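Throughout, protein chains are lettered first and strands after them, A, B, ... in sequence-line order, and every chain is numbered starting at 1. These values consider heavy atoms only, across backbone and side chains, with no hydrogens, waters or symmetry-generated copies. Worth saying up front: this structure is predicted, and the values here are computed from it rather than measured.
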2 protein chains.
Amino acid sequence: MDDEHLGLRELKKRQTRDSISAAALKLTEEKGLSEVTIEEIAREAFVSPRTISNYFASKEEAVLAAGPVATEQVLQDFSTSNSDDPPLEVLGRLMSNYARDYPECLRKAARMVELEEANPSLRPFRLAREVELVIDLGRRVAQRTGTDFAADVYPSLVASAASAALLTSLSLWAQAGFPEGRLQPLIEESFSLASAGYRRRAASPISVQLESSATPQSPDAQPV
Amino acid sequence: MDDEHLGLRELKKRQTRDSISAAALKLTEEKGLSEVTIEEIAREAFVSPRTISNYFASKEEAVLAAGPVATEQVLQDFSTSNSDDPPLEVLGRLMSNYARDYPECLRKAARMVELEEANPSLRPFRLAREVELVIDLGRRVAQRTGTDFAADVYPSLVASAASAALLTSLSLWAQAGFPEGRLQPLIEESFSLASAGYRRRAASPISVQLESSATPQSPDAQPV
DNA sequence: TCATGTTATTGCTGATACTGCAAAGATCAG
DNA sequence: CTGATCTTTGCAGTATCAGCAATAACATGA
């Protein structure tokens, strides 16, 4: 029911959708989203302005649609893996492996973080997408642990913690200038911190300290 | 610098701001935000449409400005209190006390959650506000624990966990129909779950189980 | 009290965004 | 090939929003 019999119609739909979001992303990187009009995106994507409204409710959603979609893979893996470890640890391992195996995808995600800092109007919409993912993940945690998603805080809390761990890691990593090989330890640190009830291990005041030159003064940072 | 010498000007500014957001809230509850125009809000608040644009960037922000602002109190209390306990536990106590002492404020917050479910366009903007709070809280955690907000995942993770604990509790509580006296235990459960690294205590599969009749079938829940 | 500077409010205007509707074009199934 | 279905498009109407200048309200100091 997913990629089964995709006729020409479905193919063209995805194609125009991708064209639009790619055009939106390109123009946004060039001029800033506030300077980009629907009409421009339409020209760039070879569609009519009206068509853009058919696909996206706003410029912001069009830009965000160009972001990474690989999260679904991790969600799948989480649901199918059957370990007896606590969900957070499983998620931590999955994310860590993901950072190791598909660095370009994480890099793309971090690039979106930067794009968001340059274009604040993106933030609300990115967050809305994020919440959808957290809800999805929460349901999976509930199913996996046999808890009730609607009556128990547990699944949602775990999902939120995992999301925060990943996003905080990405944000710090992007801020430090994407240092090679540093993301994975950051992710592991974040997840183990959550699993430890946010109590620092005495031995590691700042265990995965980045180069201090990368973030000399820290006027305003953008986590989450 | 806060409530010091508020001249007539500042007073009137706050007054018109409140008028606008109150009008926006009232009309939204009556007809749904999508059916409300800026012009209507302007009439209701006895200001010109142009003035609304001066105060808020969108209808959504106007509505959200009518929400509870008491979070600042908790942030203040967190910064001023000087306990040696882990920040999450301090925050948990503060929120629990808050739920006990100012139930009407929490109820208002939960009402906003419901309003958001009825008017999905509110969500992105509420989330954006939420993130601002989390960043603020993260900075305070950093200051309190002597960690570096910009170089260390710890402060942001703690702040995110606290935010998730509160919001998840509110969401569940609202979904269950605001049962009297149930919010505080939910909050305590959520915070202690986070402090315990999201590991259930063996004795409590669902320790703060709500009346099962309150949530018979759970088609789509809205945490976070 | 008055005079003057400062700031908020307002109307106007132009640019942009979004939606419903109906026509035109593309794809599909037989 | 033909009719059905769906996508794309143009058009028209409504709504949003920001810049600008004028007006009104408040503040400050004498």
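Remark: R139(A) qualifies as a cation-pi partner of F149(A) under the 6.0 Å distance and 45° angle criteria applied to the six-membered ring.
Look at K12(A) and you won't find any side-chain N or O under 4.0 angstrom from OP1 or OP2 of dA26(C). Distances shown here put every side-chain N or O of T16(B) at or beyond 4.0 Å from the OP1 or OP2 atom of dA8(C).
If you take CG of L33(A) and P of dA17(C), they are 9 Å apart, rounded to a whole angstrom. The distance from atom CD of E60(A) to atom C1' of dT16(C) is 13 Å, rounded to the nearest whole Å. When rounded to the nearest whole Å, the span between CZ of R50(A) and P of dG20(C) equals 8 Å. Going from atom CZ of F56(A) over to atom C1' of dT19(C) covers 17 Å, rounded to whole Å. Taking atom CZ of R14(B) as the reference point, atom P of dT9(C) lies 14 Å away to the nearest angstrom. The separation between E10(A) atom CD and dT27(C) atom P is 13 Å, rounded to whole Å. Between Q15(A) atom CD and dC6(D) atom P the separation is 21 Å, expressed in whole Å. We find that OH of Y55(B) is positioned 17 Å from C1' of dA18(D), with the value rounded to whole Å.
In the model, T168(B) has no side-chain atom that pairs as donor or acceptor with a side-chain atom of S171(B) under 3.5 Å. Side-chain contact, T16(B) with Y55(B): a donor N or O sits under 3.5 Å from an acceptor N or O. With 3.5 Å as the limit, one finds a donor-acceptor pair spanning the side chains of S81(B) and R144(B). In this structure, a donor-acceptor pair under 3.5 Å is present between the side chains of N54(A) and R50(A).
Between L115(A) and L25(A), the shortest heavy-atom distance links the atoms CD2-CD1, 3.5 Å.
Between dT10(C), dC26(D), dA8(C), one nucleotide has an atom nearer to the side chain of V47(B) than all others, and that is dT10(C). Of all nucleotides listed (dT16(D), dT9(D), dA26(C)), dT16(D) comes nearest to the side chain of I38(B). Set against dA17(C), dT9(D), dT9(C), the side chain of N54(A) has dT9(D) as its closest nucleotide. For S58(A), counting side-chain heavy atoms from C-beta on, the closest listed nucleotide (dC18(C), dT16(D), dG10(D)) is dC18(C). Across dC26(D), dA8(C), dG11(C), the shortest atom-to-atom separation from the side chain of S48(B) is found for dG11(C).
The salt bridge (charged side-chain N to carboxylate O under 4.0 Å, His left out) with E40(B) is formed by just one residue from the set K26(B), K59(B), K31(B); it is K31(B).
A salt bridge links E180(B) to R107(B): one of the charged nitrogens lies within less than 4.0 Å of a carboxylate oxygen.
Among the heavy atoms of the strands lying under 4.0 Å from S53(A) is at least one base atom, whether or not backbone atoms are also near.
Across the helix from dT1(C)-dA30(D) to dG30(C)-dC1(D), the helix axis at one end is tilted relative to the axis at the other end by 40° (nearest 10 degrees, each axis from five pairs).
Put simply, the side chain of R9(A) and the base of dT7(D) share no donor and acceptor less than 3.5 Å apart.
Between T51(A) and E39(B), it is T51(A) whose nearest contact on DNA chain D lies nearer the 5' terminus.
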